[in-house]
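One structure is given below, represented as structure tokens, and several questions about it will come after.
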Amino acid sequence: MPGPPVTTAPGVKVRVVTLKINEHDIGARETDSILDVAQANHIRIPSLCFLEGLSTWGACRLCVVEIEGYPRPVSACSTTVSEGMVITTHSDRLKRYRRTILELLFAERNHVCSVCVSNGHCELQDLAAECGMDHVRVPYRNQPYAIDSTHEMYRVDHNRCVLCTRCVRVCDEIEGAHTWDVKGRGIECQVITDLNQPWGDSSSCTSCGKCVQVCPTGALVKKGTAAGEMEKHDEFLPYLAQMRGNQ
Amino acid sequence: MNLEDLAEIAEQSAEAEKKQRHCVRVCMAASCQSSGAGAVLDGLRQHAEQDAEGGVHVKSVGCMGLCSAGPLVSVDATEPKTEVMYKDVTPDDAAELYSSLDGDPLERLRCSTDIPFFARQQRIVLKNSGVIDPEHIDDYIAAGGYASLVRAVTERTPADVLREVKQSGLRGRGGGGYPAGLKWSTVAMAPEPHKFVICNADEGDPGAFMDRAVLESDPHRVLEGMALAGYAIGAEHAYVYIRAEYPLAVERLKKAIKQATKKGLLGRRISDTTFNFEIEIRLGAGAFVCGEETALMASIEGLRGQPRPRPPYPAEEGLWECPTLINNVETLANIPAILARGGDWFKGIGTEKSTGTKVFALAGRIANSGLIEVPMGIRLREIVEQIGGGIPDGRRFKAVQTGGPSGGCLPEEHLDMSVEYDTLRSAGSIMGSGGMIVMDETSSMVDVARYFMEFCMTESCGKCVPCRAGTVQMHGLLDKIAEGRATQTDLDLLEDLCDVVQATSLCGLGQTAPNPVLSTLRYFRHEYDEKLRPESERWPLLPVVTGDN
Ligand SMILES: Cc1cc2nc3c(=O)[nH]c(=O)nc-3n(C[C@H](O)[C@H](O)[C@H](O)COP(=O)(O)O)c2cc1C
Ligand code: SF4
Ligand code: SF4
Ligand code: SF4
Ligand code: FES
């Protein structure tokens, strides 16, 4: 049985399509995602698991948008545009969905921002503000998760993790170490280092810190940061990815 | 192998059969095996060996359907051609049963085959099930097997095969009901040179065992269907993705692949043509989500079994980004018959929009449970009351759950509904893969919803937020309602979560997880209401300032 066949893609021609987003006529390349096109046209669609420079994951579902004629909302990050699409990004229904998804995330683990090192520099917190999620209707699950401080420079606090897998992807796709992965399923999912060894014992981790920089929350942080001190810098990613022809 | 070779094998089998006085078939599918069919088979074989007269063939066969009455044994006499079926046979009965072969049937164990359970069925997929020995390819060939494949590759073009499948109107039996012909032609049209066929034998729905039964009883039928698919779409490689919890089905599949390859019906240069087709087995570790097509393909590729957003659909970008045709076991098992008898014949069975038959695993509070195959368009009532023999213990029918965790519960007023993809859907349930659980008045619908939500919660892959974190909350709310601790606010929140999880989840698991809740709310809302506390006992709410104060 052969493995994955090698396909040699010759210079593929990319067409330009026209579509509508929130009643604006927009031109785009047919290979672009709805999220790319919206961003390029200064239409902000909330997103969490997406990060430019990494492969698309399509899991947080915050970027859901409505397309006329489609039976259900689709994720803007993972759906490519096509000719004549009519897209709505901020209907009342979508806003309600996003708020509920955020509520589910806040209730899933422990997010007490006041004592969190990422307070004020946290994408989850920003999204809650952006989407108007001001209270949580579902019960907090209050499951205590472990904190792994074994790495000499960094710390992972699973209580703040939203399982966006940005750390997993950056480590695999950009750093090439594949230290991170996910174990378990459903609500038991957890990011792990190596084969669920303490991070400090990891033989694959190069301590490059990319995972820390792309983590949207206070889950991956530099040691020694006090509440509110941990700022992240993920701007390097698109540049790195492009330079390596990873696009 | 060409058509003459196949005919010769069939002739030899007929000759051998003529020399037999009797053929005794013992069901050796998983269910009957678990109730002791193996010892019955051994006992009968011993008697046959010691029989001085000879001429009694004791055969191990696949599922006969009425699993609740197993072990089942059927006896054929060649002259005159009669069939007698026995149920609940124990090893101690073997001697008596054997000695009755030439005399009157053994009334004590007799199971009438005139009862609606057998008489109302129409068998296409299960035609050979319980008749042929699944471990002997010649038995399948004698029953007409592989003729469709050999005829197709030697006498017909891939386009001919495609046309018949399209013409048949066959829709996918794995749950979605997507037209098979349409899917096949999409993959056939893809320009890429490498394509794959996948047979989805994951069957993760609780209570479902249709696909397992087909694979245990007639594995060659599925292989032949796969090879025909490969020929039609231009694929040379295929996988059967089957869960490791089905060891007997896996073993029989392996044997079948080996036998078919040895006879030149699979592998290289099938029937001396240029068509090559190889089938490999991939074992799944038993995660419900791995039945979802994109997760299944990730699993075959050696990755974590998690779905990815579609489009692109597998037909465009599947295994290793190659166009891939993925079909359910039962869908593929229909193909040889469609090619043998023509798409028009198939279209004549069932209804206009749901053609052919459907295999169901009938279970729950019902007199006859087991495996049935009925024409589409049959009334639900006929399945429950006639084939299933009604509700035992003088109880009343309450609901029938169809479609497993993605499906819903239908109440009595829907019993006269015709069983079709679209009618079931409009009633708030689905055909699904064919699980059918009958419930009587003693079942609590809130508990049923909670059971399926628990299943979805534990089987969620955890990739996307609404499914991972939403099903857990929904399960918590259902728990609270079932235990009488909930208020109207909880029920409202539950309904709200149903909407969000359904609309925003990444894959079919999350998208359909709310269905059992929604359908029980639609037809049995009063049961939820009864569980809510009376207003006076609710926790005090924050005072509301109104104009009246
Ligand atoms: C969570 C989930 C589980 C599924 N499990 C199965 C399964 O066990 N067997 C199956 O044939 N299809 C299953 N499906 C449907 C498949 O994804 C796919 O639609 C089907 O195999 C296509 O075959 P068909 O067109 O012949 O029905 C499942 C879908 C979902 C969303
Ligand atoms: S990770 Fe973000 S949302 Fe969570 S506690 Fe820290 S600041 Fe708050
Ligand atoms: S540790 Fe951070 S980057 Fe990794 S999955 Fe959790 S939230 Fe995402
Ligand atoms: S819907 Fe559930 S099973 Fe499907 S991807 Fe999301 S978490 Fe996984
Ligand atoms: S950003 Fe699109 S699903 Fe997360």
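Within every chain, numbering begins at 1; the chains are lettered A, B, ... in the order of the sequence lines, protein sequences first and strands thereafter.
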* What do you reckon, is CG of A:Leu195 surrounded by more than 12 foreign heavy atoms closer than 6.0 Å? -> no
* Asked: Under 6.0 Å from the CZ atom of A:Arg44, do we count more than 12 heavy atoms belonging to anything else shown?
  -> yes
* Does B:Glu483 CD have over 12 foreign heavy atoms under 6.0 Å away? -> yes
* Asked: chain A heavy atoms under 4.5 Å from B:Pro466: which part of the residue, side chain, backbone, both or neither?
  -> both
* Asked: Taking only heavy atoms into account, what residues of residues 134-141 of chain A are found under 4.5 Å from chain B?
  -> A:Arg137, A:Val138, A:Pro139, A:Arg141
* **Polar side chain donor-acceptor pair, A:Ser202 to A:Thr193, under 3.5 angstrom** => no
* Under 4.5 Å from a heavy atom of chain A, the part of B:Leu477 involved -> neither
* Asked: Under 4.0 Å between a Lys/Arg side-chain N and an Asp/Glu carboxylate O for B:Arg310 and B:Glu293?
  -> yes
* Are A:Ser47 and A:Leu62 close enough, and set up right, to give a side chain to side chain contact (heavy atoms under 4.5 Å, CB included), and what steps lead you there? -> CA-CA 5 Å; A:Ser47 65; A:Leu62 284 170; 5.7 Å; no
* Asked: Salt bridge check: are B:Arg468 and A:Glu108 linked by an N-O gap of less than 4.0 Å?
  -> yes
* **Those residues of residues 78-88 of chain A, ordered by number, that approach chain B below 4.5 Å (heavy atom to heavy atom)** => A:Ser78
* Ring-face cation contact, A:Tyr145 with A:Arg109, 6.0 Å cut, 45° max -> yes
* Asked: Which one of B:Thr471, B:Asp490, B:Asp496 has the most heavy-atom pairs closer than 4.5 Å to chain A?
  -> B:Asp496
* Mind running side-chain hydrogen bond (donor to acceptor under 3.5 Å, both in side chains) on A:Arg160 and A:Ser118 for me, showing each step along the way? => CA-CA 10 Å; A:Arg160 315 284 200 224; A:Ser118 280; over 6 Å; no
* Asked: Is chain A contacted by the side chain of B:Leu506, its backbone, both, or neither, given a heavy-atom distance below 4.5 Å?
  -> both
* To do: Could you tell me which portion of B:Val500 (side chain, backbone, both or neither) has an atom closer than 4.5 angstrom to a non-hydrogen atom of chain A?
  => both
* Could you tell me how the ring of B:Phe288 sits relative to the ring of B:Phe455: parallel (under 30°), tilted (30 to 60°) or perpendicular (over 60°)? => perpendicular
* Asked: Considering only heavy atoms, which portion of B:Glu301 lies under 4.5 Å from any heavy atom of chain A: side chain, backbone, both, or neither?
  -> neither
* Quick one: what part of B:Arg308 sits under 4.5 Å from any heavy atom of chain A, side chain, backbone, both or neither? -> neither
* Asked: If you count heavy-atom pairs under 4.5 Å between each of B:Ser505, B:Pro312, B:Gly305 and chain A, which one has the most?
  -> B:Ser505
* How are the rings of A:Trp180 and A:Trp199 set relative to one another: parallel (under 30°), tilted (30 to 60°) or perpendicular (over 60°)? -> perpendicular
* Segment of B:Thr458 engaging chain A (4.5 angstrom heavy-atom cut-off) -> backbone
* Check whether more than 12 heavy atoms from other residues, nucleotides or ligands sit under 6.0 Å from atom CZ of A:Arg72, and answer yes or no. => yes
* Asked: Any ion pair linking A:Lys210 and A:Glu173 (charged N to carboxylate O, less than 4.0 Å)?
  -> no
* Ion pair check, A:Arg29 and A:Asp32, cut-off under 4.0 Å -> yes
* Which atoms of A:Val74 come close to chain B, meaning under 4.5 Å heavy atom to heavy atom: side chain ones, backbone ones, both, or neither? -> neither
